[in-house]
Amino acid sequence: KIDTIFPDKLQVGDFVVVREADRDIIKEMADIMLSNSRKQGLRELATKWKEALEIEQLFSTPEQIYQKLVDVGCTKGYQAVRSWLVDDDVIAPQQKQDLQYIATITENSVINELLDQIFDAAQEVRSAHVQAGRVLSAQLRSRIVEALEGYGDIDPFNIWEPIEMTVDGIGPVRILKIIDVGSPVVVDIADTNRLIEE
């Protein structure tokens, strides 16, 4: 049996399952869910704000874009704005007002005209990602149990090296044992939910 524990509750001796993939399985699953719901066009609509910022980056640095956003009333920090610019995993800003600020500085009439639809599309895409993540976690849990049964008896107290396996439909997976819990580390927003090896 594999239980899910929130990261802040992990302790020495617990295990972490890390999926190593060069493709975004959650995005793929979310797109399938959207397509099955006849909502496949929502991702394209939800990224209209990103297209406007990409054009803006041809003429302005990230710092200049950030300052333009601040000048029109945006209260997001530089790191959040930078993630909008460089992180492909960002579906859309969380607040509708931020879309309005982006429309203002980019002078993009499409965002202005479709503001509510773009925001709603982003919410639906985000929801599909959350649902896909839950489905993937459930699949991962059950398939890892099946894969571990092939290893025979495993003594969890004597595991010091990662257990590496390939899980059908998910790809390479590593099971890591926590041997130390250090102090909190600040990570860039683009590195959230990623294993960072030192």
Side-chain angles (χ1 to χ4, degrees), residues 6-8 18-137 170-171 184-198:
F6 287 106
D8 61 336
V18 180
R19 179 180 57 85
E20 298 181 342
D22 54 1
R23 66 189 229 269
D24 190 341
I25 295 176
I26 291 176
K27 182 179 178 183
E28 290 175 15
M29 289 178 79
D31 284 342
I32 290 169
M33 290 175 179
L34 289 168
S35 180
N36 289 344
S37 301
R38 301 201 189 311
K39 298 177 180 178
Q40 59 268 29
L42 290 183
R43 186 177 299 278
E44 183 181 341
L45 180 59
T47 59
K48 294 295 181 191
W49 66 276
K50 188 111 174 160
E51 293 168 10
L53 283 178
E54 286 170 355
I55 294 168
E56 188 68 24
Q57 283 188 91
L58 298 174
F59 308 103
S60 305
T61 65
E63 292 80 10
Q64 290 169 330
I65 292 171
Y66 170 70
Q67 191 56 55
K68 288 177 185 179
L69 286 165
V70 168
D71 290 345
V72 297
C74 183
T75 58
K76 294 295 183 284
Y78 176 74
Q79 283 299 87
V81 171
R82 185 175 170 275
S83 73
W84 295 347
L85 298 171
V86 300
D87 188 355
D88 291 333
D89 292 336
V90 174
I91 295 166
Q94 297 282 341
Q95 276 82 37
K96 191 184 296 187
Q97 184 63 52
D98 292 326
L99 292 175
Q100 183 63 58
Y101 295 139
I102 292 168
T104 300
I105 71 155
T106 61
E107 299 177 359
N108 188 296
S109 60
V110 172
I111 298 174
N112 269 328
E113 291 169 15
L114 301 176
L115 186 69
D116 290 335
Q117 293 95 318
I118 291 170
F119 183 77
D120 292 344
Q123 297 294 88
E124 290 235 28
V125 171
R126 196 175 283 117
S127 176
H129 275 247
V130 169
Q131 186 179 357
R134 288 184 182 134
V135 168
L136 180 62
S137 291
I170 293 172
V185 176
V186 177
V187 295
D188 187 271
I189 195 165
D191 292 324
T192 303
N193 294 328
R194 288 180 171 83
L195 179 66
I196 302 170
E197 298 191 51
E198 294 181 352

Chemist: To the closest 0.5 Å, what do you measure between OG (Ser137) and CD1 (Ile26)?
Modeler: 7.0 Å

Chemist: For Gly73, does its backbone N or O pair with a side-chain atom of Tyr101 as donor and acceptor, under 3.5 Å?
Modeler: yes

Chemist: Are Thr106 and Ile55 side-chain neighbours, meaning at least one heavy-atom pair lies under 4.5 Å?
Modeler: no

Chemist: Side chains of Lys48 and Leu114: closer than 4.5 Å at any heavy-atom pair?
Modeler: no

Chemist: Under the 3.5 angstrom rule, does the side chain of Glu44 hit a backbone N or O of Gly41 as a donor-acceptor pair?
Modeler: no

Chemist: Ignoring hydrogens and geometry, is there a side-chain-to-backbone donor-acceptor pair from Thr47 to Lys50 under 3.5 Å?
Modeler: no

Chemist: Nearest 0.5 Å, please: how far is CG in Asp31 from CZ in Arg43?
Modeler: 4.0 Å

Chemist: Does Thr104 use its side chain to pair, donor to acceptor, with the backbone of Gln100 at less than 3.5 Å?
Modeler: yes

Chemist: Please name the pair of heavy atoms, one in Cys74 and one in Trp84, separated by the smallest distance, quoted to 0.1 Å.
Modeler: SG-CH2, 4.2 Å

Chemist: Return the minimal non-hydrogen interatomic distance between His129 and Ala30, and the atom names on each side.
Modeler: CD2-CB, 3.7 Å

Chemist: Any salt bridge (charged side-chain N to carboxylate O under 4.0 Å, His left out) pairs touching residues 62-75, not counting sequence neighbours?
Modeler: Glu56-Lys68

Chemist: Search all heavy atoms of Ile102 against all heavy atoms of Leu69 and return the closest pair with its distance.
Modeler: N-CD2, 4.0 Å

Chemist: Kindly give the heavy-atom pair with the smallest separation between Leu42 and Ala121, and that separation in Å.
Modeler: O-CB, 3.6 Å

Chemist: Run the salt-bridge test on Lys27 and Asp89 with the 4.0 Å N-O cut-off and return the result as yes or no.
Modeler: no

Chemist: Please report the closest heavy-atom contact between Ala122 and Ile91, naming both atoms and the distance.
Modeler: O-CG2, 3.8 Å

Chemist: For a quick test of reading the model, state the closest non-hydrogen atom pair linking Ile118 to Val110 and the distance between them.
Modeler: CD1-O, 4.4 Å

Chemist: State whether the side chain of Arg126 and the backbone N or O of Ala92 hold a donor-acceptor pair below 3.5 Å, judged by distance alone.
Modeler: yes

Chemist: Is any side-chain heavy atom of Val125 closer than 4.5 Å to one of Lys39?
Modeler: no

Chemist: I'd like to check Tyr78 versus Pro62 (side-chain heavy atoms, cut-off strictly below 4.5 Å). Are they in contact?
Modeler: yes

Chemist: Report the distance from atom CZ of Phe119 to atom CD of Glu124, rounding to the nearest 0.5 Å.
Modeler: 12.0 Å

Chemist: Would the distance check show the side chain of Ser127 and the main-chain N or O of Gln123 forming a donor-acceptor pair, the cut-off being under 3.5 Å?
Modeler: no

Chemist: May I ask you to check whether Arg134 and Gln131 show a side-chain donor-acceptor distance below 3.5 Å?
Modeler: no

Chemist: Not counting sequence neighbours, which residues clear salt bridge (Lys or Arg N to Asp or Glu O under 4.0 Å) with Lys76? List them please.
Modeler: Asp98

